[in-house]
Amino acid sequence: MAVVLGTRPEVVKLAGVIRGLGTDAQVVHTGQHYDDSLSGGIFRGMGLPEPQVRIARAGGLPRVEQMSSMIGRMGELFAAERPSVVVVQGDTNSASAGAQAAHYLGIQVVHVEAGLRSYDRTMPEEINRRVIGVLADVHCAPTEGAAAHLRAEGVDPDRIHLTGNTVIEAVLASLPGPASRAAVLRRHGLSPGGFVLATIHRPENTDDPERLGAILGELAGLGMPVLLPMHPRTGTRAWQYGLERLLAGLRVVEPVDHATFLALAHEARLLVSDSGGVQEECTVLKKPLVVVRNNTERPEAMTHGFAVLASPGPELGARARAMLNDPGLAARLAARPSPFGDGRASDRIVALTRALVERAVPRTRRDSEHSAVAAPGVRPATLPSPATVTTGPTPSGGDPCTDHPTPPVSPAEASSPPREAAAMPLSSSPH
């Protein structure tokens, strides 16, 4: 088996799956995130060994070059050491490239977090999601809405499995305990409930000087300390656009590791972000969130009252202040279950993957009549009502870089030292 990933959020969300598959799976890192502030230490932080294979750096290339490079290199890798199954997660270029390389070689694909849709074709992530949706053999849908999207697109229902989202166990495994959280606050000069935590990194916000300026301006005007772990892209663009004066009104810090981010988010009064992962994490941490996007592929955080959508500018400020000034909001959110499952998604995905491996036989792609996989304890597109997940006593541990809501859907509806791929045939290009 092979697990393909290339970004920090993928490591976070696949950690439980990697642990569950153990030494049976080879972890392949595409190098999509190559900046040390984003990828350095994340495997150690999640208690994982370093990837067995790192292909030559693909991050920082134009998208067409990045995709073609990753597909070609993984194709050579998979042809030389053929895995029985390839697991990909989410909607990154790495996930799409991994799924394509596997499919073209007749290797079955498991897609974790399948079926999310924003219906916004201007988003690279939406294209990636849809491409993987066509190629995957097993679709692990995090919610009933995601499963419904897949059914509506003609995916065989027997290939759709409602597993829940691995974000719940990832948060609960990584969230530091009270003493560690207090130490994090002291390092940043913050008090519990006395600050806003913000993350901005999506190209739609960072690559438009007016949008980025409007976001930074509204954050600076909230009348409360705003901590901004600065994504490299955001920092570069702010400098290019001459927005340093707006940054002066915020507490700008370097990107933080996942456990530190969770500690800060747990103690913040409000979250503001354009991250998909934060939209999920806020439902586990029971924190209000303003999503700075035009639309979202995760409407569940909104329909369950954890998040609101806002465009850059006055709407962002107004929605943030409304949440800050709602005295009963914290209590209401504390009582609400996360809509993303019961914290057993990784176990279900591991079971599905192992069952698929058991059924895998040498074949040429498109023997499409092979029957859909079923795994013990996993039923296609069914899951009990979301269980209440609390952050109650939390385990001690160790930003995510992890758009109008989607249309409503009917209810019917593991350690050897890493080796560089440069030692393999797929290493001929320095890029």
Side-chain angles (χ1 to χ4, degrees), residues 9 12-13 15-16 90 112-116 140-149 160-178 181 193 197 261-263 265-271 273 275-291 296-309 323 326-349 377-395 397 400 402 405-406 408-413:
V12 170
K13 289 189 172 184
V112 177
E113 200 174 274
L116 277 65
C140 301
T143 64
E144 173 55 38
H149 294 153
I160 305 169
H161 301 267
L162 186 54
T163 59
N165 196 308
T166 60
V167 72
I168 294 181
E169 50 260 48
V171 170
L172 297 179
S174 299
L175 179 66
R181 297 199 299 268
L197 178 63
F261 179 84
L262 292 177
H266 187 279
E267 302 301 323
R269 186 164 170 183
L270 174 69
L271 309 178
S273 182
S275 164
V278 176
Q279 292 177 59
E280 299 160 346
E281 290 166 335
C282 76
T283 71
V284 187
L285 298 171
K286 314 303 180 188
K287 290 294 175 177
L289 166 68
V290 178
V291 181
T296 183
E297 64 285 348
R298 294 170 173 86
E300 294 87 358
M302 295 168 194
T303 58
H304 284 68
F306 290 96
V308 296
L309 202 65
M323 284 183 150
D326 184 340
L329 181 58
R332 293 197 303 273
L333 296 185
R336 290 179 185 165
S338 170
F340 295 108
D342 58 4
R344 295 181 54 224
S346 295
D347 293 339
R348 295 186 178 99
I349 293 163
V378 183
R379 292 177 292 167
T382 59
L383 202 73
S385 298
T388 300
V389 179
T390 65
T391 60
T394 54
T402 35
T406 55
V409 294
S410 164
E413 305 262 285

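Pairing each heavy atom of A114 with each of P142, the nearest pair is O-CD, 3.2 Å. Counting all heavy atoms, side chain and backbone alike, F306 lies closest to P339 at CE1-CD, 4.3 Å. K286 approaches L333 most closely through the heavy-atom pair CD-O, 3.5 Å. The two residues G277 and S275 make their nearest non-hydrogen contact at N-OG, 3.1 Å.
T143 is linked by a side chain to side chain contact (heavy atoms under 4.5 Å, CB included) to A146, E300, F340, counting only residues two or more places apart in sequence or in another chain.
Taking 4.5 Å as the limit, every side-chain heavy atom of L271 sits out of range of all side-chain heavy atoms of P288. Two residues are said to be in side-chain contact when any heavy atoms from C-beta on lie closer than 4.5 Å; R332 and L329 meet this criterion. Here the side chains of I349 and D347 are not in contact, with every heavy-atom distance at 4.5 Å or above. I168 is listed as a side-chain neighbour of S338, based on a closest heavy-atom distance under 4.5 Å. No side-chain heavy atom of E280 sits under 4.5 Å from any side-chain heavy atom of V171. A heavy-atom distance below 4.5 Å is not found between the side chains of L116 and H149. Looking only at side-chain heavy atoms (C-beta outward), T283 and L289 stay at 4.5 Å or farther from each other. Contact of the L162 side chain with the R348 side chain is not registered, since no non-hydrogen atoms from C-beta on lie closer than 4.5 Å.
The line from CD1 of I160 to SG of C140 is 11.0 Å long, rounded to the nearest 0.5 Å. Expressed to the nearest 0.5 Å, how far CG of N165 lies from CG of D342 amounts to 11.5 Å.
A donor-acceptor pair is defined here as one N or O able to donate and one able to accept, closer than 3.5 Å; such a pair exists between the side chain of E169 and the backbone of S346. Remark: the backbone N or O of A345 is not paired with any side-chain donor or acceptor of T166 at under 3.5 angstrom.
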Does S273 form a side-chain contact (heavy atoms from CB on, under 4.5 Å) with V291? I'd like the steps, not just the answer. CA-CA 5 Å; S273 182; V291 181; over 6 Å; no
List the steps, then state whether side-chain contact (heavy atoms from CB on, under 4.5 Å) holds for L197 with L270. CA-CA 6 Å; L197 178 63; L270 174 69; over 6 Å; no
Apply side chain to side chain donor-acceptor pair (under 3.5 Å) to residues H266 and R181 and explain how you reach the verdict. CA-CA 8 Å; H266 187 279; R181 297 199 299 268; 3.2 Å; yes
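Salt bridge annotation for R298-E113: present, with a cationic side-chain nitrogen under 4.0 angstrom from a carboxylate oxygen. A salt bridge between K287 and E281 is absent, with no side-chain N of the basic residue lying under 4.0 Å from a carboxylate O of the acidic one.
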